[in-house]
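Below is one structure, written out as C-alpha cells, with a few remarks after it.
Keep in mind it's a predicted model, so treat the numbers as computed, not measured.
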Number of protein chains: 2
Amino acid sequence: MVVTLKDIAIRAGVHVSTVSRVLRGKETQQVSPQTRKLILSIAEELSYTPNLLARAFRLKKTHTIALLIPDISNAFFARIARSIEIQSYNAGYTLVVCNTDEEQAKENQYLNSLKSRSIDGFIIAPVQDSKQQIIDLINNKIPFVLIDRRFDDLETNAVISDNEKASFYATEYLSRYQHKRIGFICGRKRLYTIKKRLVGFQKAVKQFQLDDNPEMIVGDGFTIEDGFRATQKLMALEHPPTAIISSGNVLTIGIMKAIHERDLSIPRDISLVGFTDSFCVPYWNPPLTTISHPLHQMGHEAFELLLKHLQAKETLAPRQITIKTKFHERHSVDQPKIYN
Amino acid sequence: MVVTLKDIAIRAGVHVSTVSRVLRGKETQQVSPQTRKLILSIAEELSYTPNLLARAFRLKKTHTIALLIPDISNAFFARIARSIEIQSYNAGYTLVVCNTDEEQAKENQYLNSLKSRSIDGFIIAPVQDSKQQIIDLINNKIPFVLIDRRFDDLETNAVISDNEKASFYATEYLSRYQHKRIGFICGRKRLYTIKKRLVGFQKAVKQFQLDDNPEMIVGDGFTIEDGFRATQKLMALEHPPTAIISSGNVLTIGIMKAIHERDLSIPRDISLVGFTDSFCVPYWNPPLTTISHPLHQMGHEAFELLLKHLQAKETLAPRQITIKTKFHERHSVDQPKIYN
DNA sequence: TTGAAAGCGCTACCAG
DNA sequence: CTGGTAGCGCTTTCAA
C-alpha cells in the first residue's frame, strides 16, 4: 500500500497537520525536535513519498511546464527541447512536450487541455495562424515564453534569433561570389522567422543590386516536397537563379533532390546556403554552407526566463532576448558558371 | 474566474452531483432530459472546462503516460517519441518525455518522481545498468512497455527489433564483397540491442569463416568520441579491418571522422555499414549503407500495447513484439583493395 | 508547539 | 431521477 501522511501520523501518535509541517513546512515552522525526529524516522522507515498529485491539486501548482513545438523529430526543435529538459530536470520541473504540426487547431487544443491540468508555465514556438491563444494566455496571467518566433505587435517574453541579419549576411555572402540571381525558398510564410529572413534577403537584394524579380521568392511550407516543388519552380524560370537560400532544415533535402534530378551539381552548377541545424550537415554530399542557431543557448535562456516568472511574487515585465546565429562556410558555394 | 461544477449547480438550481452526472456520467445514468439540457446550456454559457487535476486526483488516473528514452535529440528516439505522441494525442493522453542520458540514476529518479505523480503507464527504453526499477514496476503492477531493449530474463511487455538477424545479415553482406576482416564497433555493451548485434556478428564470423580476432570488436559507448577512438584502435591493429560495422547513429560520425583523418576514403579504402536511422543519411558523403528501424511502427506497437493494458480490467499477460529492420544498399561498401 | 477543521473540485455511493 | 454525504491526500488557518 501507498503510505500517506495519515499513516505516519497514526504511528507517531500525532496529527496529520503536524506531520505535514515537519515534512513540508518552511524552516521557520516551530516543531519540537523530538516530534520532528520521530516523524522523520517513521517517514524514512515507511519510505514515504508524498503524493504529488494531491499536493498539486491543493496548491494549484503542478511543477510542470509544457513545451509546444511543431515537431520533436525535427532536429531544430529536438535540440531546443533537450536543452530545456535538462534544465527543467535540474530545477525539479516535469516537462511535457507537445507537437503542433504547425496546426493552429492542435496548438489550441493542447493549450486548453494543458491549462485545465494546471500547467505552471509554457514555452511555445507558436504556429502563428492566429494570436488569439497567446492573447488569452496573457489575459489569464499564465507565465509563458515564446521561442524562435514572436508576434511583432505583441509584447511578450520571447527568445528569438537574429533571422534578418543572418539572411542579409547569407545573401551578401553569395553576392560576394558574384551571384546576381539568388532564389529564396521560404518555409511557411506566415512565420515570424520566415518573414524576418525574407526582409533580410530583400534588403540585401536592394543594397547589392541583385535581381529583384519577385519570382525569385518561392515556397510556403517546410516539407521535403515543398522544397522540391519550390526548386522546380525556380529552375523553370526563364532566368533561373545561380544560387539558392533555403530557410529550412528538411526543406533543404527537397531542394537538393530537385537539383540532383536535373543532373545539376552543387556548387558547380548552383550554389546553396541553408538555415539548417542538423548535426550531420557537415557529412552531407556536398557539405552544406549553413546558418545555424545556438539551440542550446536558446532553450537555456527561454527556460531561465520562464523560471524567473514562475518564481516571481508579482507579474514581471516581458523581455525579449535575441540570440546570434552562426555562419558556417563549407563547400556548397562557388562562383556562378552556367546561366550567367 | 474559473468555473466549477458548483457554479453550474447554483445557476441551475440543482446539486453538484447532478451536474457531474450530466457532464461526466456514463450514458446509462438516468437524468431527466430537461435538467440535462439546462445544465448543458449553462455549462456552455459559462464555458466550463473540467479541472483535470481535480479529476485525476479523485480518480487516481491522470490520463498521462511517460516515455523514458536516453536522448530525445537522437533521431532514433525522436522518431519513436513522435510516433507515440501522435497516438497518445489521438487517444486523449498527455505524454511526458524524459531523457535518461543512459544514466541509471536519472532513470530511477524519473521513475520515482513520475510514480508519485500517478502516471498511468510507461514506455521505456531502459538504461539496463540495473533491472531493479523494472522489477519494482512489475511488483507495483504499473503498466509499462519496454521499447528497443528488453531483459532476456524478465517477462515484460516489449517492442524490439531483430538486431541479431540484422547484424548477421550485414556481416554476411560484407563477406559477399570478399571482406574477411570486419571490425565491429559496439555501442554500450551492456545494452540488449548491442549484445544481440554482437551475437549476430559473431555467428556470421563463424559461419562465413571470417577473421575471428577478438580485437576486431571494439568500443563501449555511443558518442562521436567513442566512435572516433574505437576506429583509431581498429586502424592501429597490425591487420586492420577492411570493413566496419557501426552500431550507432552518432557513433558513425566519429567513425567517419577517424577514417577521413587517416586520409582513407569510403568505400575505396574501407567499407562501412551502420545501424543508423537519421533521415539525412542518403545525403551523407558518401551515402551510407545502413540498417534502419521502422521507428514509427515500433512506437505505434508500443503505444497500442500499453493502451491495451491501461484499458484492461484485469492484468494481461506480457507480450513481446519483434519488428523487422530494413537493409538499405547505398555506396559505402566495395570490395577490399588495400590491406588485402 | 500542536490539534482541529476546512476545503481544493471532483466522483461515487446510498437513500429517498 | 435527484440530493446528500463522504472522501481522495494534502496544506493552511485558527485556536488552544
Worksheet item: When we call it a touch if two heavy atoms are under 4.0 Å apart, what does B:Ser32 touch: a base, just sugar-phosphate, or nothing?
Response: sugar-phosphate

Practice prompt. Scan residues 3-14 of chain B against DNA chain C and write down, sorted by residue number, each residue with any heavy atom closer than 4.0 Å; if none is found, say none.
Written response: B:Thr4, B:Leu5

Response to the item:
Taking D:dG4, D:dG7, D:dC10 as options, the one with an atom nearest any side-chain atom of B:His15 is D:dG4

Discussion item. I want to check one thing: is the phosphate of C:dG3, taken as OP1 and OP2, less than 4.0 Å away from some side-chain N or O of A:Thr18?
Written reply: yes

Fill in: Donor-acceptor side-chain pairing of A:His293 and A:Ser161 below 3.5 angstrom
yes

Practice prompt. For B:Arg58 and D:dC8, give me the distance from atom CZ to atom C1', rounded to whole Å.
Written response: 6 Å

Worksheet item: When rounded to the nearest 0.5 angstrom, what is the spacing between CD1 in A:Ile135 and OG in A:Ser130?
Response: 7.5 Å

Worksheet item: Any side-chain N or O of A:Ser20 under 4.0 Å from OP1/OP2 of D:dG9?
Response: no

Item to complete: Measure from CZ on A:Arg55 to P on D:dC8 and round the result to the nearest Å.
Response: 18 Å

Discussion item. Rounded to whole Å, how long is the line connecting atom CZ of B:Arg24 with atom C1' of C:dG9?
Written reply: 13 Å

Discussion item. Nearest heavy atom decides the nucleotide; on that basis, is B:Ser17 or B:Phe57 closer to the 5' end of DNA chain D?
Written reply: B:Ser17

Fill in: No-H, no-angle donor-acceptor pair, A:Arg21 side chain to C:dG3 base, under 3.5 Å
yes

Worksheet item: Rounding to a whole Å, what distance do you find between A:Gln34:CD and C:dT2:C1'?
Response: 13 Å

Worksheet, complete the sentence: By side chain to side chain contact (heavy atoms under 4.5 Å, CB included), B:Asp71 pairs with (sequence neighbours left out) A:Arg82, B:Ser73, B:Asn74, B:Asn99

Worksheet item: To the nearest Å, how far apart are B:Lys60 NZ and D:dC10 C1'?
Response: 11 Å

Worksheet item: Between A:Asp129 and A:Arg188, is there a salt bridge with N-O shorter than 4.0 Å?
Response: yes

Discussion item. Under 4.0 Å between a side-chain nitrogen and a carboxylate oxygen: does that hold for A:Glu107 and A:Lys131?
Written reply: no

Worksheet item: Between B:Tyr93 and B:Gln87, does any side-chain donor sit less than 3.5 Å from a side-chain acceptor?
Response: no

Worksheet item: At what angle, to 10 degrees, do the two end axes of the helix from C:dT1-D:dA16 to C:dG16-D:dC1 meet, given five pairs define each axis?
Response: 50°

Discussion item. Is the shortest side-chain heavy-atom distance between A:Ile134 and A:Leu146 below 4.5 Å?
Written reply: yes

Discussion item. Among residues at least two apart in sequence or on other chains, which ones pass side chain to side chain contact (heavy atoms under 4.5 Å, CB included) with A:Thr322?
Written reply: A:Ile160, A:Asp162

Worksheet item: Are more than 12 heavy atoms from other residues, nucleotides or ligands located less than 6.0 Å from atom CD of B:Gln311?
Response: yes

Worksheet item: With respect to the phosphate group of D:dC1, does any side-chain polar atom (N or O) of B:Thr35 fall under 4.0 Å of OP1 or OP2?
Response: no

Discussion item. Side chains of A:Thr35 and A:Ser32 only: does a donor on one sit below 3.5 Å from an acceptor on the other?
Written reply: yes

Fill in: Centroid-centroid under 6.0 Å between A:Phe144 and A:Phe122 rings
no

Worksheet item: Mind checking whether A:Asn157 and A:Leu306 have side chains closer than 4.5 Å, heavy atoms only?
Response: no

Fill in: Any residue of residues 43-53 of chain B with a heavy atom less than 4.0 Å from an atom of DNA chain C
B:Tyr48, B:Pro50, B:Asn51

Worksheet item: Crowded around A:Lys37 NZ? As in, over 12 foreign heavy atoms under 6.0 Å?
Response: no

Worksheet item: Among side-chain atoms of A:Thr62 and B:Arg117, is any donor-acceptor pair under 3.5 angstrom?
Response: no

Worksheet item: Counting only non-hydrogen atoms, which of residues 109-117 of chain B are less than 4.0 Å from DNA chain D?
Response: none

